[in-house]
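For this chain, numbers begin at 1 and follow the sequence in order.
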Amino acid sequence: MKYVPLGASGLATSIYALGTATFGGSTDEAEAIRVLDTFADAGGLLIDTADAYGDGRAEVLIGRWLRTRTAEVRERMLLSTKGGGFTTTAGRNQWGNTRHNLTRALEASLRNLGVDCVTLYQAHTWDPLTPQEETLRFLDDAVRAGKVRYVGISNYTGWQLQKAVGLADSMGLARPVTFQAQYSLLCREIEWEIVPAGRANGLGLLAWSPLSGGLLSGKYAPHAVPTGPARFADQRERGKMHAAYVNALYRSHAASDRTWQILKILGEIGAARNVSPAAVALAWVTAQPGVSGAVLGARDARQLADNLQARWITLEDDEVARLTEASDPRPAGYPYGAFGAMQRSRTIE
């Protein structure tokens with residue numbers, strides 16, 4: 001396993017993190033334990049969860065696993081959770097990044113996980129109603145109270161990330177060290193604004209859905225209807241709104257020749273190395289600058305073990321170049337197209 005700093009902090013984390021969104025849903029307790037053991041045995045460190053995953057059941061399963069493992073395992077694992085968004089609770093104030101809701105969410109997460117402190121606590125989404133000052137003061141208070149070691153943000157746009165970091169700096173509050181965003185060979189648009197903002201401020205990128213929901217695993221074929229068990233076929237753990245989003249996402253990617261060209265190259269590189277297309281796609285993500293972790297969302301231990309083949313892979317420059325060229329979203333409009341990029345470039349010969 002490769003280890004890298006968690007953003008600008010001095011804390012070492014595994015380049016592959018474990019995502020637990022399926023825990024308590026399509027991944028039952030017995031399988032969740034096997035997944036966690038597989039991750040720990042491979043040298044993984046960062047377990048990423050959220051209060052909304054399985055309505056808290058994911059955190060409960062992680063907590064049960066931790067309590068039954070040795071002190072050595074418990075002490076080396078890094079726990080990351082999130083609050084503020086995507087809750088399914090009915091209360092009007094059990095939503096958003098208010099001090100009221102984040103206090104409730106963090107306390108519930110600590111109880112569920114069975115710990116006094118989490119390594120990383122992240123605002124799950126941007127809240128347009130709550131002043132950023134209120135959210136950042138809460139996160140700073142949580143660090144000072146010893147309930148959180150580091151803070152991060154998740155699913156922010158570039159300007160939102162910059163505003164959060166700028167306010168934290170100007171107010172002398174705990175500074176975010178990470179940002180989570182969807183990032184894969186099929187989802188590279190964050191390179192236009194969000195990644196540069198994160199890198200300029202020293203935030204490490206935790207890439208969620210680095211296989212685009214499994215589409216880059218090689219299990220799908222052009223013009224074929226997805227069948228389970230697979231995320232684009234089996235959505236038992238999700239609601240109707242999420243299912244509609246996932247179905248629309250699959251249709252948009254499946255209709256693009258770019259998707260199948262990327263998969264063709266992944267298959268060729270994987271065959272030459274005797275590894276899966278998924279492992280190659282993950283190796284590409286972790287080769288990108290500023291990445292502090294690719295979050296692996298496996299639904300079972302077999303799938304995780306396959307994806308963890310990526311930890312042994314270092315892609316050659318020409319392999320990275322082939323995949324980067326094939327997956328380039330090629331923005332045409334200003335300011336992200338060639339003319340805008342030219343305006344922002346400057347060299348001294």
Side-chain angles (χ1 to χ4, degrees), residues 5-13 17 20 45-53 55-56 58-67 71 73-87 89 91 93-127 129-156 160-161 163-180 201-204 206 292-293:
L6 186 69
S9 78
L11 186 69
T13 186
T20 61
L45 294 183
L46 185 65
I47 300 171
D48 183 74
T49 190
D51 64 340
Y53 295 169
D55 290 337
E59 292 177 329
V60 170
L61 293 180
I62 295 166
R64 289 177 184 165
W65 176 78
L66 282 172
R67 287 192 294 275
V73 171
R74 291 196 304 271
E75 289 171 5
R76 68 182 169 90
M77 303 312 291
L78 308 177
L79 296 180
S80 166
T81 192
K82 300 178 283 291
F86 300 113
T87 182
T89 53
N93 287 314
Q94 293 173 299
W95 180 269
N97 295 337
T98 63
R99 177 178 290 274
H100 173 88
N101 184 49
L102 289 179
T103 298
R104 177 202 63 80
L106 176 57
E107 294 298 335
S109 290
L110 294 174
R111 285 195 305 272
N112 288 339
L113 291 165
V115 297
D116 297 323
C117 177
V118 292
T119 309
L120 178 67
Y121 194 68
Q122 303 163 88
H124 204 158
T125 59
W126 172 265
D127 179 355
L129 298 181
T130 303
Q132 275 294 289
E133 293 87 343
E134 179 177 341
T135 301
L136 292 167
R137 285 194 186 279
F138 166 81
L139 294 172
D140 184 76
D141 288 345
V143 172
R144 293 175 185 272
K147 297 179 179 181
V148 171
R149 298 282 184 249
Y150 301 94
V151 301
I153 53 180
S154 175
N155 301 311
Y156 278 37
Q160 291 164 354
L161 183 156
K163 181 173 183 178
V165 174
L167 281 172
D169 286 347
S170 66
M171 297 169 67
L173 303 176
R175 196 177 199 269
V177 299
T178 59
F179 68 105
Q180 275 206 37
N201 287 287
L203 275 63
L206 297 176
S292 281

Measuring from atom [atom1] of [X] to atom [atom2] of [Y], what distance do you get when rounded to the nearest 0.5 angstrom?
{"X": "Lys82", "Y": "Leu102", "atom1": "NZ", "atom2": "CG", "result": "13.5 Å"}
{"X": "Leu61", "Y": "Leu66", "atom1": "CG", "atom2": "CG", "result": "11.0 Å"}
{"X": "Thr49", "Y": "Leu113", "atom1": "OG1", "atom2": "CG", "result": "7.0 Å"}
{"X": "Leu203", "Y": "Tyr156", "atom1": "CG", "atom2": "OH", "result": "11.0 Å"}
{"X": "Asn112", "Y": "Arg64", "atom1": "CG", "atom2": "CZ", "result": "10.0 Å"}
{"X": "Thr13", "Y": "Leu46", "atom1": "OG1", "atom2": "CG", "result": "4.0 Å"}

Taking all atoms of both residues into account, what is the closest heavy-atom pair of [X] and [Y], and its distance?
{"X": "Arg144", "Y": "Gly172", "value": "NH2-O, 4.1 Å"}
{"X": "Tyr150", "Y": "Val177", "value": "CB-CG2, 3.8 Å"}
{"X": "Gly85", "Y": "Ala52", "value": "O-CB, 3.9 Å"}
{"X": "Gly83", "Y": "Ala105", "value": "CA-CB, 4.4 Å"}
{"X": "Ile47", "Y": "Met77", "value": "CD1-CE, 3.8 Å"}
{"X": "Ala174", "Y": "Asp140", "value": "N-OD1, 2.8 Å"}

Using side-chain heavy atoms (C-beta onward) and a distance below 4.5 Å, is [X] in contact with [Y]?
{"X": "Thr135", "Y": "Asp127", "value": "no"}
{"X": "Leu206", "Y": "Phe179", "value": "no"}
{"X": "Arg137", "Y": "Met171", "value": "yes"}
{"X": "Leu78", "Y": "Leu11", "value": "yes"}
{"X": "Val143", "Y": "Leu139", "value": "no"}
{"X": "Asp51", "Y": "Arg104", "value": "yes"}

I'd like to know if the side chain of [X] and the backbone of [Y] have a donor-acceptor N/O pair within less than 3.5 Å.
{"X": "Thr119", "Y": "Leu79", "result": "yes"}
{"X": "Thr178", "Y": "Gly7", "result": "no"}
{"X": "Asn97", "Y": "Thr125", "result": "yes"}
{"X": "Arg175", "Y": "Asn201", "result": "yes"}
{"X": "Glu133", "Y": "Leu167", "result": "no"}

Option from Asp48, Ile153, Asn155 for which side chain to side chain contact (heavy atoms under 4.5 Å, CB included) with Gln180 holds = Asp48

Using the test ring pair (Phe, Tyr, Trp, His ring centres under 6.0 Å), find all partners of Trp65 that sit at least two apart in sequence or belong to another chain.
-> none

Go through the steps to decide whether Glu59 and Ser109 satisfy the test side-chain hydrogen bond (donor to acceptor under 3.5 Å, both in side chains), and finish with yes or no.
-> CA-CA 7 Å; Glu59 292 177 329; Ser109 290; 2.7 Å; yes

